[in-house]
Visitor: 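One structure is given below, represented as structure tokens, and several questions about it will come after.
Computation of the quantities below employed the complete heavy-atom set of this structure, encompassing side-chain atoms and omitting hydrogens, waters and symmetry-equivalent molecules.
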Amino acid sequence: MRFTRAGALAGAVLLATSLGLSGCGNDDDSADGRIVLVNGGEPQNPLVPTNTNENMGGRVIDRLFAGLKYYDANGVAHNEMAEKIETTDRKNYKITIKPNWKFTDGTTVKAKNFVDAWNHGALATNAQLQNYVFTPILGFDEVQAKPPKAQTMKGLQVLDDSTFTVELQKPSIDFETALGYAPFYPLPDVAFKDMKAFGEAPVGNGPYKFKTWEHNVKIDLDKNPDYKGGRPAKNDGLRFVHYQSFDTAYADLQAGNLDALDTIPPSALATYKKDLGDLAITKPTAQNQKIGIQPTVPHFAGEEGVLRRKAISMAIHREQMAEKIFQGTRLPARDRTSSVLPGFDGNLPGSEVLKYNPDEAKKLWAQANALSPWSGKYEIAYNADGGHQEWIEAVANSVKNVLGIDAVGVPFPTFRDIRTQITGRTIGKAFRYGWQGDYPTMLQFLTPHYYSYSGSNSIDYKNPEADRLLDAALAAGSLPESYKIIGEFQTLLFRDMVDIPIFDYVANAGRSDKVKKAELTWNGLFDFEGIEK
């Protein structure tokens, strides 16, 4: 879905003031149970769907907007605003939207609101982080040219207020499933007058409507009584509270000052089931954790970089960390997707580089030194507000012990801080990053990170063969054929060792005794609409 946030993880929690949840959980309408208090964090950017690729903004946007489709708790896609999505070839689509659906400013959602939003998201000069999702649409190449050769994609045509057509460059096995993903949401006309201002107080068409955003403290949403889709809110509103640490959030959960917490801190993993009893929640979910490094960092470009990343990967004892730090609530990574996704293969050629092998790690490191002798220290950046310190320090110690180099974790105060430096290409060191699925396919974990032109490609991996294989996987005639090509693609990623997969997730969460029902979805987030007090 997005960086974890998504993922995975939720890690983007921030409190810039001394006001904790216990300090704001009893004011206005939150004390009498009319709204649900959940953990959240300061979004990296204003709340614009096509420019939000991280968990803290994404969890809010998905409550405010309704797309053509939505995903239920099990990841199954259902029509939301779509009345019909018709295609005979998976290349040409006719989409009819439901009539009389309103944005929260009272204006009617029309076909043009989808087309205008998609064209805005795809245009290179708008520099939207989620622009890669529009890759399959005919004319994407022209609007992505520098400078753009067109302002809109010729594959999008509005027929009338309720109907538009989409022509893809080639058939896509993922396109229809993806239509519930945030970048495909519609935007009201008012958004295009000042997109940044709109993102500070968005007008949506989803199960909730925006109320207030107190930066670095909380975001409040009210139930939208005019929502007409398949995921109506069973509560009267949500408050996303921004914490400085998950330990504080967990204490508030136990005290009844927080209604639902989607990430149990490492310090409580050994005891949370006993602490919470029937209120504890555990579920395997589509989330992963990796370590990336940009090729501008000394010693990590070209063949030297490949050898060093492989050596570091084989110096990491994932099994030991999963058991000792996470009490078995993490699974050693076997690829770059998630073990719960359809088509997953844990025995891909090249995946042996994910197994702890100190002798081979030392050999690979020596080969890299033959190209260019190592100097300096290996630094791994992480956001200190996300519960990552323990495992990052364990990785650094393992690398230090096996390879005999100075390796350290480097904390950044907040998730927003680290993402800003990663996307700005000023991070200058390795960094932890994760992904939380937005829709349940392996390609949704791969296309954002490894398409050469994707705004979410944080490691600057650019390989025409990789782009070709991703294109081919999307254009495959059947799911088995697509899975086969995805396997070839991931084998290429192992060859190039583009980043270092570490863990898959078994989500650990909890609810307070004030909550009658709170379920985790397939990707580790709560079914926010379904939380009942």
Side-chain angles (χ1 to χ4, degrees), residues 1 5-7 9-10 21 25-26 29-40 55 58-66 70-78 80 180 206-209 211 218-225 227-241 243 246 249-265 268 272-287 329 340 436-437 440 505-533:
M1 159 185 208
R5 15 313 196 265
L9 151 104
L21 179 60
N26 295 317
D29 60 353
S30 64
D32 61 8
R34 291 179 299 186
I35 66 170
V36 173
L37 287 81
V38 296
N39 66 290
N55 183 297
R59 65 178 59 200
V60 179
I61 282 174
D62 290 340
R63 318 277 73 81
L64 294 174
F65 290 88
Y70 74 94
Y71 310 106
D72 65 22
N74 296 316
V76 178
H78 305 271
E80 189 168 31
Y208 295 90
K209 56 184 179 179
K211 184 179 181 182
K218 60 187 175 69
I219 295 174
D220 283 338
L221 310 181
D222 285 336
K223 179 179 180 178
N224 180 7
Y227 173 74
K228 299 166 60 177
R231 49 186 181 115
K234 295 181 180 179
N235 50 66
D236 285 346
L238 298 169
R239 170 169 293 172
F240 293 93
V241 184
Y243 280 93
F246 283 121
Y250 184 62
D252 272 347
L253 180 73
Q254 291 178 289
N257 294 321
L258 181 66
D259 292 319
L261 174 63
D262 62 18
T263 303
I264 302 297
Y272 85 102
K273 291 182 180 179
K274 181 179 178 181
D275 294 342
L276 301 179
D278 292 342
L279 304 177
I281 305 169
T282 299
K283 181 176 182 176
T285 55
Q287 307 172 76
T329 62
V340 304
Q436 192 165 27
Y505 273 66
V506 177
N508 315 106
R511 61 183 174 91
S512 80
D513 57 9
K514 296 179 181 179
V515 174
K516 293 188 292 186
K517 181 181 179 183
E519 297 180 349
L520 285 180
T521 64
W522 66 279
N523 67 356
L525 289 175
F526 277 107
D527 174 14
F528 292 106
E529 290 81 9
I531 298 177
E532 299 180 45
K533 293 186 78 173

Visitor: Could you check whether any side-chain heavy atom of Tyr250 comes within less than 4.5 Å of a side-chain heavy atom of Asp275, counting everything from C-beta outward?
Guide: yes
Visitor: Using side-chain contact (heavy atoms from CB on, under 4.5 Å) as the criterion, point out the one residue from Leu279, Thr282, Ile264 that pairs with Lys273.
Guide: Thr282
Visitor: Donor-acceptor pair, Lys533 side chain versus Ile35 backbone, under 3.5 Å?
Guide: yes
Visitor: To the closest 0.5 Å, what do you measure between CG (Asp62) and CZ (Arg231)?
Guide: 7.0 Å
Visitor: At their closest point, which heavy atom of His78 faces which heavy atom of Val76, and how far apart are they?
Guide: CD2-O, 3.2 Å
Visitor: Look up atom CD in Glu532 and atom NZ in Lys234, then write down how far apart they are to the nearest 0.5 Å.
Guide: 5.0 Å
Visitor: Once you round to the nearest 0.5 Å, how far does CG of Asn257 lie from CG of Asp252?
Guide: 4.5 Å
Visitor: What is the minimum heavy-atom distance between Thr285 and Thr521, and which atoms define it?
Guide: CG2-O, 3.8 Å
Visitor: Under 3.5 Å, is there a donor-acceptor pair between the side chain of Arg59 and the main chain of Phe526?
Guide: no
Visitor: Are any of the side-chain heavy atoms of Glu529 and Tyr208 separated by less than 4.5 Å?
Guide: yes
Visitor: For residues Val38 and Phe240, determine if any side-chain heavy atom of one lies less than 4.5 Å from a side-chain heavy atom of the other.
Guide: yes
Visitor: Which heavy atom in Gly229 sits nearest to a heavy atom in Pro232, and how many Å separate them?
Guide: O-CD, 3.7 Å
Visitor: Any carboxylate oxygen within less than 4.0 angstrom of a Lys/Arg side-chain nitrogen, looking at Glu519 and Lys283?
Guide: no
Visitor: Would you name the heavy atoms of Ala280 and Leu276 that are closest together and state the gap between them?
Guide: N-CB, 3.7 Å
Visitor: Measure the CG-CG distance between Asp262 and Leu520 for me, rounded to the nearest 0.5 Å.
Guide: 7.5 Å
Visitor: Quick check: does any side chain N or O of Asn523 sit under 3.5 Å from a backbone N or O of Leu525, one acting as donor and the other as acceptor?
Guide: yes
Visitor: Determine the minimum heavy-atom distance between Gly524 and Ala507, stating which atoms define it.
Guide: CA-CB, 4.5 Å
Visitor: Does the side chain of Gln254 pick up a donor-acceptor pair with the side chain of Tyr272 at under 3.5 Å?
Guide: no
Visitor: Closer than 3.5 angstrom, by distance alone: can the side chain of Asn224 be matched with the main-chain N or O of Ala233 as a donor-acceptor pair?
Guide: no
Visitor: Can you tell me how far the CG atom of Leu64 sits from the NZ atom of Lys211, to the nearest 0.5 Å?
Guide: 13.5 Å
Visitor: Could you check whether any side-chain heavy atom of Ser512 comes within less than 4.5 Å of a side-chain heavy atom of Asp259, counting everything from C-beta outward?
Guide: yes
Visitor: Using every non-hydrogen atom in the two residues, find where Phe65 and Pro207 come nearest and quote the distance to one decimal.
Guide: O-CD, 4.3 Å
Visitor: How long is the straight-line distance from CZ of Phe246 back to CG of Asn508, given to the nearest 0.5 Å?
Guide: 11.5 Å
